[in-house]
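Order of the sequence lines fixes the chain letters, A, B, ..., with proteins taken first and strands second; residue numbering starts at 1 for each chain.
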Amino acid sequence: MIAAYILNPERTRYGLKDLALEFLGRKSKTYEELIGGKNSGPLLEIPENELAEYATADSQNTFDLYKIFEKELEAKKQTELFEKIEMPLVEVLADMELAGVKIEARRLKKISEELAEKLKALEKDIFCLAGEKFNINSPQQLGKILFEKLKMPALRRTKTGSSTGADVLEKLASEFEIAAKILEYRTYSKIKSTYTDALPEMIDPKTHRVHTSFNQTVAATGRLSSSAPNLQNIPARTELGQKIREAFIAEKNSKLIAFDYSQIELRILAHFSEDKKLIEAFKGDLDIHAVTASQIFKVPLEAVTSQQRRAAKTINFGIIYGMGALSLAESLKISRTEAQEYINKYFENYHDVREFLNSILEGAKEKGYVETLYGRRRYFPEIAGPASRFRSFAERAAINAPLQGTAADIIKLAMVRVRGQTPLSRRTEVSVPKMILQVHDELVFEVPEEEVSVVSKSITKIMEEIVELKVPLKVSCGFGNSWAEAG
DNA sequence: CACTAGTGCAA
DNA sequence: TATTGCACTAGTG
């Protein structure tokens, strides 16, 4: 499974099982029927006389695949990634899933009740402004009210009608009270349905904790993903979000410690591009967004305003995503011309970044793939094709993949290193800090409170020294009784 | 029940 | 026409 993922991390075009079959040269039916396709239930439901057959087929197929993948991995220089990162990570993830995270259900339920009241009041206001009752959660019904009945201007279309997305409603909010109310309604409704209502339901009655799945073979860039429940998208930015995170707590006499790679993708950009100015900024441990702002706006570092810094921050992130002038203009609420000027100034200053991005695209067109620091590949067959829409999309993803993917490589390696090479049999003899969550550039641990200081130092060191780049890696950490305090 | 569309949360 | 994910609700078949 993991070898198949490394050899072809695209999830959108075809499933891993089909890919495995392709390598195996067997018909889908045989494999699906024997080791379980869509209709495969729990092992116990398989008739006893067939169990041996299933087990044999599964083992045989796995072994056959291994022999094929071994050569394939070697040919594509993926052996180190496979053996040093992804395979050892399997156990780390298993431990994390089994450990789970403690959640204070009562706290979430209380928030839920408060939200229910706010929603009720907002619903009343919205119906009053609309002049009728309807389902606010239905974009279709809402669109009819806003854009047909109330004749508000439709600013964006979807496949099926007029968009009621937050970006549209924000533009209408100052003129139309109902738009502002709906935005507020959506915020609360989202938090209530996805977090305060759903999470308490997911608490395992046996462990009294929530056990997510960390999916290792899903993301095309090499990142992990999390599901059932997704613990990688717990609110963080708003005050209400912090309240949700206050419900993620440590056991009695323990604390949560959160370790966060600071600006890891921009540091990787600095490393790959070897841009002198970017490297200097990170070597000096400067505020990278402020530095970028001072360069773009040609003001001294100390004179950068918060607005300028915010704009520079958007540009810095935009670069990582291959953003164009139009979307920069949109998110900064400035003209396209002005946005283009910012981008031009950015590249005038970070000259080597432009060269690097161009070289990524050249390489992708020539070889058909891009690579991370550890050689993880992502293929872009459409990048040399004629369809400009697909090509542009591929170009942006090709710029992003080495940066996002290298960050994934690095944190995965750090996770393996933290876990150490302890054999399973010695697991209970050795004190290993309990890793409970990974959120792309962040690791969360639960440790006895007397160990907080020691563990903070040792894990920060491991994470910062896991690889030596042309710029230092910086890790910030915090601890507390809840994820809100630690983060 | 399976699936899609729209929407919105995270890094 | 800014990357990568997952989940919720509505709506369709």
Using a cut-off of 4.0 Å on non-hydrogen atoms, how would the nucleic acid contact of [X] be classed: base, sugar-phosphate, or nothing?
X        : result
A:Ala401 : nothing
A:Arg156 : nothing
A:Asn400 : sugar-phosphate
A:Gly324 : nothing
A:Ser163 : sugar-phosphate
A:Arg237 : base
A:Ile320 : nothing
A:Ala407 : nothing

OP1 or OP2 of [N] under 4.0 Å from side-chain N/O of [X]:
X        : N      : result
A:Ser392 : C:dT1  : no
A:Thr158 : B:dA5  : no
A:Thr194 : C:dC6  : no
A:Thr160 : B:dG6  : yes
A:Asn230 : C:dC8  : no
A:Arg336 : C:dT1  : no
A:Ser138 : C:dG11 : yes
A:Arg396 : C:dT1  : no
A:Asn233 : C:dC6  : no

Review point. Which whole-number value in Å describes the distance from A:Asn135 CG to C:dC8 P?
Key: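 Atom-to-atom, A:Asn135 to C:dC8, this comes out as 17 Å.
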
Practice item. Can you tell me the distance, in whole Å, between the CE atom of A:Met202 and the C1' atom of C:dC6? Key: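 It works out to 12 Å between those atoms.
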
Practice item. Take A:Thr221 and A:Pro229, find for each the nucleotide of DNA chain C with the closest heavy atom, and name the residue whose nucleotide sits nearer the 5' end. Key: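 Nearest-nucleotide comparison on DNA chain C picks A:Thr221.
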
Check your understanding: Can you say whether the rings of A:Phe297 and A:Tyr342 are parallel (under 30°), tilted (30 to 60°) or perpendicular (over 60°)?
Key ->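 Aromatic pair A:Phe297/A:Tyr342 classed perpendicular.
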
Exercise for review: Please examine the side chains of A:Lys255 and A:Glu485, heavy atoms only from C-beta on, and report whether any two atoms are closer than 4.5 Å.
Suggested key: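 They are not in contact (no side-chain heavy atoms under 4.5 Å apart), so the answer is no.
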
Review point. If you measure from the P atom in C:dT1 to the same atom in B:dA5, how many Å do you get, rounded?
Key: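 Here C:dT1 and B:dA5 have their P atoms 15 Å from each other.
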
Check your understanding: Looking at B:dG8, C:dA7, C:dG11, which one has an atom nearest to any side-chain atom of A:Gln141?
Key ->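 Out of B:dG8, C:dA7, C:dG11, the nucleotide with an atom closest to A:Gln141's side chain is C:dG11.
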
